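Hydrogens, waters and symmetry mates are skipped; everything else that's a heavy atom, side chains included, is used. Numbered from 1 within each chain, the chains take letters A, B, ... in sequence-line order. Quick caveat, the model's predicted, so the values are computed rather than measured.
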Protein chains: 4
Amino acid sequence: MDAKSLEELLYIEGEQMKMSEKQRLILNAAIEMFAEKGFASTSTSEIAKKAGVAEGTIFRHYKTKKDLLLSIVMPTVTKVVAPAFAKNFSKEVFEQDYPSYEVFIREMLNNRFEFVKKHFPVLKIFIQEAFYQEEFRNVYKQVFNEHVYDKFKHIIEHFQSTGELRDLPADTIIRTTISSIIGLIITRFLLMGEEMDEELEKERTIQFILYGVKQKR
Amino acid sequence: MDAKSLEELLYIEGEQMKMSEKQRLILNAAIEMFAEKGFASTSTSEIAKKAGVAEGTIFRHYKTKKDLLLSIVMPTVTKVVAPAFAKNFSKEVFEQDYPSYEVFIREMLNNRFEFVKKHFPVLKIFIQEAFYQEEFRNVYKQVFNEHVYDKFKHIIEHFQSTGELRDLPADTIIRTTISSIIGLIITRFLLMGEEMDEELEKERTIQFILYGVKQKR
Amino acid sequence: MDAKSLEELLYIEGEQMKMSEKQRLILNAAIEMFAEKGFASTSTSEIAKKAGVAEGTIFRHYKTKKDLLLSIVMPTVTKVVAPAFAKNFSKEVFEQDYPSYEVFIREMLNNRFEFVKKHFPVLKIFIQEAFYQEEFRNVYKQVFNEHVYDKFKHIIEHFQSTGELRDLPADTIIRTTISSIIGLIITRFLLMGEEMDEELEKERTIQFILYGVKQKR
Amino acid sequence: MDAKSLEELLYIEGEQMKMSEKQRLILNAAIEMFAEKGFASTSTSEIAKKAGVAEGTIFRHYKTKKDLLLSIVMPTVTKVVAPAFAKNFSKEVFEQDYPSYEVFIREMLNNRFEFVKKHFPVLKIFIQEAFYQEEFRNVYKQVFNEHVYDKFKHIIEHFQSTGELRDLPADTIIRTTISSIIGLIITRFLLMGEEMDEELEKERTIQFILYGVKQKR
DNA sequence: TATGAATGAGAGTTCATTCAT
DNA sequence: GATGAATGAACTCTCATTCAT
């Protein structure tokens, strides 16, 4: 990954952003290896070799191996979960940007799909570790609760009030919408790869969310 | 896990089924630890201690640590993916069992949900490893292709011919249906735990699959 | 050191005493190296090499390097400080064994001198570490207070009551007596070595303690 | 420690004396850390941090870490051992300063006691290292032999000739005198600390040296 | 068949020292 | 002169695996 993208991805507000060249090499190598073999199965000596630095150099920048993992994964969590909802939802902006739920989920799906495509290795690392580290799951939950849930719910209720959406509980709509999007993403990035017709399946997923699979009577 | 369940779960056709007592202790301990901490982060000595056997005993039954992993995970793949479709689809059986797509997915969802509930640790191990071992993903794909895909497609086409299902491509319906089910399962077993109202969310997921979230006009 | 001596030296009451052959080799090597180069400057790989075992073997027997140090040093503290006072001081035994303060300190000096001669390396290790680890000093103090001080004081007061000893405070007599003995021991084992005429200097030290260096008028 | 004291302590005749500010910071930090944790257990980075300089700066002033140790310890040896005997023993000066052995040892004890109190950390470092580095012990022996032994012996013989001292061998008197003083110093600075009544114990030690503990008949 | 002591390769980490700036 | 990033050897400790009992 080039220096700029990496810094943008791993930048946390309030932290100093500048990375040294070696640090970038280390992070890129670590992301690649962790994504490929998993955190526990990747040795710091492998990372050092791939990065082309001495093993000691890793520990000059990151106190422990776990520290290196966190510095890769933590800043990403926010960025993957929140941005679709980061906009300032003033009424005008909102109604202009999202005239319908369809426009909203289409934008969200496209936006997150591209993000995942660009940063898939880091996300893979996050997901893997979230399996066994509660710490990781909690960060995800926290970000979701703080930045996403209320706004998402608000949007749904808005479109229920306009009559576009059925009167299902917002929670269920949130879960099923997200499930469908994540299901698409997993299918594309973990199971099928390039052989999938991306645009077609994205569109179908949107239609599925919107109309369901059952024929209208 | 008791001896019988374990043998059933890990039994592969054509193999000798009898397990010694020690072997069962080892497998149970390994499943628990692998699920909790991951394969790479679990040491054989931890397994031995938890199983109450000597370290050497593990290697008497399983040539390597990886061997132990495979003997846990491989037989499970088939069992988790296939059984809903394992029935003999003679016309009568089928029409009798599944008078509608709704009945079919309700049964499938309930059935898989219970299976996951019962064998969650083993499945967690499989998923974790599938992330980085193509070998694992391929086994999954193969089982899916061999035992599931054709039958699932056949069912969909059947209900499209009866007019119950819309004329979406079967692949899309398969993917979205499975996505929704897996989404529910992940939400329940990885994110929310017991705090979720299982029966309610199951029903809503089914409704979502069937009708979608969009109001019918 | 032979197996028997080592076990006797490092045995702690209430612990299991049997040492494996390898364990003995490790302890002997560790004592030798720690005494020669100090704890911090001795690497576990050196110890392993000198003991003729694999490095891993050390950690099978001792959880950490520090553990190895403690298992050498702790049991010795008691044995070096206490035994001269370990006898059961029933009145008869006492008056029979120590008809005078002179007999008492002569026995104590000889006894401790021989013990130091036999176990000098272990004691050297203890002293070194006591310099910077309060933990070590406290163990020493505790043993001294519990097993030595009262009895020593009692003896002194006894010989003050018989008129053999001057009416100095017991604490001062204790400190100066011990100082003189330790001074002799340090001179012999750290500064001069074999070139010192042991018996002569022991006798002179006893005379010094008893009569002082100043001429009687 | 202030600049002047430090320079005085570590000054060796014939060397250039000026220390830079940074050098002083480094030496003070090193003395403190070495005394607290021992030479081998103190890292140069700790010293640099405590001194508030960069790690590289240490190596600009001292070729190696050991060099730093030597530059602290070596000049001190002379100063701790010799000064009591450094005076020019012209007959007049001597008889005027030391009209009796008692006056002599009282002055020596007080003088060395104050020196140790002032420079305890450096001395602690020296003693620690003297345990395993013969080089250090030899320096001590050499200084003792060159600057102390003959003069001390001469003093003793003088007071034997005046009849103040008993006809013990001078070596024994030297050893026991020094032992008693060192014993007091160790008790004060390593074992008891401030809780000891300094003046009282100093006086008692002198009395012990002079009269011994045994009652005069 | 089961044991557990022993192994040695390799893990993560520290550290004295170097050197370009 | 001072810096501190970089180094790589060496450190303590872990681990899957072996094998004599």
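No donor-acceptor contact under 3.5 angstrom links the side chains of D:Ser45 and D:Glu55, judged on distance only.
Between the NE2 atom of B:His61 and the P atom of E:dA2 there is a distance of 4 Å, rounded to whole Å. Spacing between atom CD1 of B:Ile26 and atom C1' of E:dA2 amounts to 10 Å, rounded to whole angstrom units.
Between E:dC15 and D:Thr44, no contact under 4.0 Å exists linking OP1 or OP2 to a side-chain N or O. The phosphate of E:dA11 has OP1 or OP2 within less than 4.0 Å of a side-chain N or O from A:Ser45.
Of all nucleotides present, only E:dT3 satisfies the Watson-Crick or G-U wobble test against F:dA20, with each distance under 3.5 Å.
DNA chain F is contacted by both D:Glu55 and C:Phe39; D:Glu55 maps to the nucleotide lying nearer its 5′ end (nearest heavy atom per residue).
Note: C:Phe131 and D:Phe131 have perpendicular aromatic rings, judged against thresholds of 30 and 60 degrees for the angle between ring planes.
For A:Arg60, counting side-chain heavy atoms from C-beta on, the closest listed nucleotide (F:dA6, E:dA11, F:dT14) is F:dA6.
For the pair C:Glu135 and C:Lys66, the salt-bridge criterion is met [side-chain N within less than 4.0 Å of a carboxylate O].
In this structure, C:Lys65 is positioned above the aromatic face of C:Phe39, its NZ or CZ under 6.0 Å from the six-membered ring centre and within 45° of the axis.
As judged by a 4.0 angstrom heavy-atom cut-off over every strand, B:Ser41 is placed among residues making no nucleic acid contact.
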